[in-house]
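The basis for the numbers below is simple: all heavy atoms, side chains too, and nothing from hydrogens, waters or symmetry mates. Along the sequence shown, the residues carry numbers beginning at 1.
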Amino acid sequence: MCYQCGSPSRRTFAQFLAAGAGLTVLAACTPEAPKAAAPSSSAASSASLSPTAATASASTTAETATVGQSPEAPSPTPSPSATLARQFSLDDPASPWVIVNKHRPLKPADYVPADLVRPAVAISASGEAALLNSTTAAAAEAMFAAAARDGVAIVLASGYRSYSTQVTTYHGYVAARGQADADTASARPGHSEHQTGWAFDIGDGGGACSFEPCFADQPAATWAKANGHRFGFVVRYPWMLHPITGYYYEPWHLRYVGVEAATDMLNRGIGTLEEYFGLEAAPAYL
């Protein structure tokens, strides 16, 4: 999800999508609210766990996944995830498989990850936005390092975003534009993946096309799309799958789900977590 969604570049993105799809843009990001206060700052040490060790640690406390249940409406596809061990919850925000969308708010709504850290990677964000949960941070460190070995510079552009920051952001948009329009530009409080610490936005090392459609063609985006699964990441909001995810294409928004699930999704050609876990599409709030 984008970090500076109120910027001209974000408006360019909205115009691009409206022209291409004939629809009002549904921004998955939680943009900076008009005249909103800056995110609060917090500090933490760098993650030291490897992605494998961190994922193994997380699996010891995660709840059993409730996959394959019949949703309220027909799911986009039967759940292919049934072939995987059901070791993670889809509801617990501390789980790497938690699904947060317009139908599935965080519980509790004001959830705060217990293990926020600042990853040892190039970061353009500041304050809380420079933080991730420890598992995601370790995987990001490994991924950024691998990209650098291939000559590709990736930057962490926006990470964790607290519930209070989301409240300020969303209500700023409601006051300025009305709720209907705000819902196309900002996630409602408690509905943002950024709040879990499992998701973050990337930028290109050269700063080109940040949060713009052309970012999809930048080295950071193309490398992450092709290699992210090796470190447990998927592009959460793929091209032309907004009727399922509720959000238009965001090549910068990566989500950690673990190497096994990310690789399985790639091998099966499944683009969204909703499809992968057999959940109903979530194009709009209930």
Closest heavy-atom pair, E274 versus I99, reported as atoms and distance to 0.1 Å, is OE2-CG2, 4.2 Å

Under 3.5 Å, is there a donor on one side chain and an acceptor on the other for T272 and E275? yes

In Å and rounded to the nearest 0.5 Å, what is the CG to CZ distance from L286 to R104? 11.0 Å

Is there a path of hydrophobic side-chain contacts, each under 4.5 Å between heavy atoms of I, L, V, M, F, W or Y residues, that connects L116 with Y111? no

Please tell me if the side chains of W198 and T135 come closer than 4.5 Å, counting only heavy atoms from C-beta onward. yes

In Å, rounded to the nearest 0.5 Å, how long is the span from CD of Q218 to CD of E212? 9.5 Å

H191: which of Y285, Y247, Y170 passes ring pair (Phe, Tyr, Trp, His ring centres under 6.0 Å): Y285

Qualifying residue, where the test is side chain to side chain contact (heavy atoms under 4.5 Å, CB included) with Y160 and the options are V112, N133, L132: V112

What residue among Q195, H194, E128 forms side chain to side chain donor-acceptor pair (under 3.5 Å) with T165? E128

Examine F211 and V155 and state if one hydrophobic cluster contains both, with Ile, Leu, Val, Met, Phe, Trp and Tyr joined whenever side-chain heavy atoms are less than 4.5 Å apart. no

If Ile, Leu, Val, Met, Phe, Trp and Tyr residues are connected whenever their side-chain heavy atoms lie under 4.5 Å apart, and connections chain through other members, are M265 and L279 in the same group? yes

For a side chain to side chain contact (heavy atoms under 4.5 Å, CB included) check, start with the C-alpha distance between V234 and L254, then their side-chain angles and the critical distance, and finish with the verdict. CA-CA 6 Å; V234 298; L254 303 184; over 6 Å; no

Closest non-hydrogen contact found for L241 with G271 is CD1-CA, 4.0 Å

Of all heavy-atom pairs linking V100 and R236, the shortest is O-NH2, 3.7 Å

Qualifying residues under side chain to side chain contact (heavy atoms under 4.5 Å, CB included), relative to T222, sequence neighbours excluded: none

Between the main-chain N or O of G203 and the side-chain N or O of W252, is there a donor-acceptor pair closer than 3.5 Å? no

A147 and I154: which non-hydrogen atoms are nearest, and at how many Å? CB-CD1, 3.7 Å

Under a 4.5 Å cut-off applied to non-hydrogen side-chain atoms, are R255 and V98 in contact? yes

What distance separates S210 OG from I202 CD1, expressed to the nearest 0.5 Å? 10.5 Å

Answer yes or no: is there a donor N or O on one side and an acceptor on the other, between the side chain of N101 and the main chain of T245, under 3.5 Å? no

Say you draw a straight line from CG of L106 to OG1 of T196; how long is it, rounded to the nearest 0.5 Å? 7.0 Å

Supply the atom-to-atom distance E280 CD to H103 NE2, rounded to the nearest 0.5 angstrom. 5.5 Å

Test side chain to side chain contact (heavy atoms under 4.5 Å, CB included) on E250 and H242 and set out the steps. CA-CA 10 Å; E250 293 193 358; H242 52 277; over 6 Å; no

Path from F144 to I123 over hydrophobic side-chain contacts below 4.5 Å: yes

At their closest point, which heavy atom of A220 faces which heavy atom of A153, and how far apart are they? CB-O, 3.9 Å

Applying side chain to side chain contact (heavy atoms under 4.5 Å, CB included), run through M143 and N227 and close with a yes or a no. CA-CA 8 Å; M143 184 177 71; N227 296 280; over 6 Å; no

Least distance between heavy atoms, A130 atom then P119 atom: O-CD, 3.3 Å

Can you list the residues that meet the ring pair (Phe, Tyr, Trp, His ring centres under 6.0 Å) rule with F233, with sequence neighbours excluded? F200, Y256

First locate atom OG1 of T168, then atom OH of Y163, and finally report the distance between them rounded to the nearest 0.5 Å. 10.5 Å

Tell me the disulfide bond (SG atoms under 2.5 Å apart) pairs involving residues 193-255, sequence neighbours left out? C209-C214

Step by step, would you call D91 with K107 a side chain to side chain contact (heavy atoms under 4.5 Å, CB included)? CA-CA 8 Å; D91 303 311; K107 296 178 181 179; over 6 Å; no

Verify same cluster id: V121, W223 (apolar side-chain graph, 4.5 Å): yes

